[in-house]
There are 2 protein chains.
Amino acid sequence: MTAIKESSTRNFNKGVALTSCPVTFVMEKIGGYWKPIIIFHLMSGPKRYSELKRVIPQITEKMLIQHLKQLQNDDLVHRDAQAVIPPVVTYSLTKSGEDLFQVLDSMVDWAIKNGSV
Amino acid sequence: MTAIKESSTRNFNKGVALTSCPVTFVMEKIGGYWKPIIIFHLMSGPKRYSELKRVIPQITEKMLIQHLKQLQNDDLVHRDAQAVIPPVVTYSLTKSGEDLFQVLDSMVDWAIKNGSV
DNA sequence: ATGGTTACATACTTTGGGGTAAGTACTTGT
DNA sequence: ACAAGTACTTACCCCAAAGTATGTAACCAT
C-alpha cells in the first residue's frame with residue numbers, strides 16, 4: 001500500500017521549478033564548476049580551444065568540449081571553425097553570454113566583500 | 001607504470017580553484033537546486049522551518065535541513081531556536097545573506113532578458 | 001615514416017548530490 | 001489512549017556529473 005507520493009519531487013523539479021524560478025534557470029545555464037570559469041575567460045575576448053585549455057590548465061579536454069557544447073546549445077557561446085589544417089576553432093560569447101557580465105560581476109563583488117580570501 | 005597524473009585535477013580544484021575564483025566561490029555557497037530558492041524565500045523576511053517547508057512544498061525535509069545547515073556554516077543564514085514546546089525555530093538571513101540580493105537580482109534580470117519563459 | 005599539432009570523441013569508473021522512507025522526542029487536543 | 005504537529009535524524013538507493021585514459025583525422029616538418 002505504500003503508494004508513491006502523488007507528486008514525485010524529482011518530476012516536479014524538472015517540469016516546474018526549472019522554468020518558473022529565474023534563479024534556477026540561470027543556475028542551469030552557468031552552474032557547475034567549469035562554466036563560469038570558461039565564460040569568465042571568454043569575457044576578455046574570443047579564444048581558441050587550445051587557448052582556453054592553456055588558461056584553464058586544470059580542466060580536462062572532455063569537460064572543456066562538453067561545456068562548450070552546452071554553452072553553444074544555450075546560445076551563450078558561438079563557435080567559429082576555419083576549414084584549415086591544422087584546424088582553427090574560435091569560441092566567443094554571444095550577446096546573451098556577454099550580458100552575463102552583470103551577473104558574474106555582482107558575484108565577484110559579493111565574494112570580495114565576504115572574504116573569499 | 002600508469003602512474004597517476006602528477007597533479008590530480010580533482011585535488012587541484014579543491015585546493016586552488018575554489019579559493020582563487022570568486023565566481024566559483026559564490027557557486028559553492030549558493031549553487032545547487034535548493035539554496036537559491038531557500039535564500040529567495042528568506043529575502044521576504046525570517047521564516048520558521050515549517051513555513052519554509054510550506055512555501056517550498058517540493059523540497060524534502062532532509063534537503064531543507066541539510067541546506068539550512070550548510071547555509072549556517074557559510075554564515076548566510078542565522079538560526080534562532082526558542083526553548084519552548086512545540087519547538088519554534090526561526091531562520092533569517094545574515095548580512096552576508098542579504099547582500100546576495102544583488103546577485104540574485106542580476107540573475108533574475110538576465111533570465112527575464114533571455115527568455116526563461 | 002615518425003612525431004608533433006589541433007580539435008575533438010568515447011569507453012569506463014568514481015563521486016556525491018539529491019531522493020525515499022521511516023523513526024525520534026516532546027507536548028497538546030479530543 | 002491516540003493522532004497530530006514541530007523540528008529534526010538516519011539508513012539506504014539512484015543517477016548524473018565529473019574524472020581517467022585512450023583514440024582519431026588531417027596535415028606538416030624533419
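Numbers restart at 1 for each chain; the letters A, B, ... are given by sequence-line order, proteins then strands. Quantities reported herein were computed from a predicted structural model and do not represent experimental measurements.
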_Taking the minimum atom-to-atom distance to the side chain of B:V89, which one of D:dG19, C:dA9, D:dA7 wins?_
D:dA7
_Within the 4.0 Å heavy-atom criterion, would you say A:E61 contacts the bases, only the backbone, or no part of the nucleic acid?_
base
*asked:* Does D:dG5 have OP1 or OP2 under 4.0 Å away from a side-chain N or O of B:Y49?
replied: no
*Report the residue (A:I85 or A:G32) whose heavy-atom-nearest nucleotide on DNA chain D is the more 5′ of the two.*
A:G32
_A:D109 bridged to A:K113 by N-O distance under 4.0 Å_ = no
*Are side-chain N/O atoms of B:Y49 and B:E61 paired as donor and acceptor at under 3.5 Å?*
yes
*Rounded to the nearest angstrom, tell me the gap between atom NZ in A:K35 and atom C1' in D:dA18.*
13 Å
*asked:* Does D:dA18 have its OP1 or OP2 closer than 4.0 Å to a side-chain nitrogen or oxygen of A:H67?
replied: yes
*asked:* Main chain of A:K47, side chain of A:T90: is a donor-acceptor contact present, judged purely on distance under 3.5 Å?
replied: no
_Nearest-Å distance for atom pair CD1/P, residues A:I59 and D:dG19_ = 8 Å
_Residue-phosphate contact under 4.0 Å: A:R48 side-chain N/O, C:dT6 OP1/OP2_ = no
_A:R79 CZ - C:dA7 P separation (whole Å)_ = 10 Å
*Find the distance B:K69:NZ to C:dG17:C1' and express it as a whole number of Å.*
16 Å
*Verify the contact: side-chain N or O of A:Y91 to OP1 or OP2 of C:dC8, cut-off strictly under 4.0 Å; return yes or no.*
yes
*Are OP1 or OP2 of D:dT6 and a side-chain N or O of B:K53 less than 4.0 angstrom apart?*
no
*Nearest-nucleotide wise, let me know which of A:I65 and B:G31 is further upstream toward the 5' end of DNA chain C.*
A:I65
_Length of the CD-P vector between A:Q70 and D:dA17, whole Å_ = 7 Å
*To the nearest Å, give me how far apart NZ (A:K62) and P (D:dG19) are.*
8 Å
*asked:* Using a 3.5 Å distance criterion without hydrogens, assess whether the side chain of A:W110 forms a donor-acceptor pair with backbone atoms of B:G97.
replied: no
*Would you say the side chain of B:Q70 lies within less than 4.5 Å of the side chain of B:L76, judging by non-hydrogen atoms?*
no
*asked:* Distance check needed: D:dC13 P versus B:M63 CE, whole Å only.
replied: 17 Å
*In whole Å, what is the span from the CD atom of B:Q66 to the P atom of C:dT20?*
14 Å
*asked:* Measuring from the side chain of B:T60 (C-beta onward, heavy atoms only), which nucleotide among C:dC8, C:dT20, D:dG19 has the closest atom?
replied: C:dT20
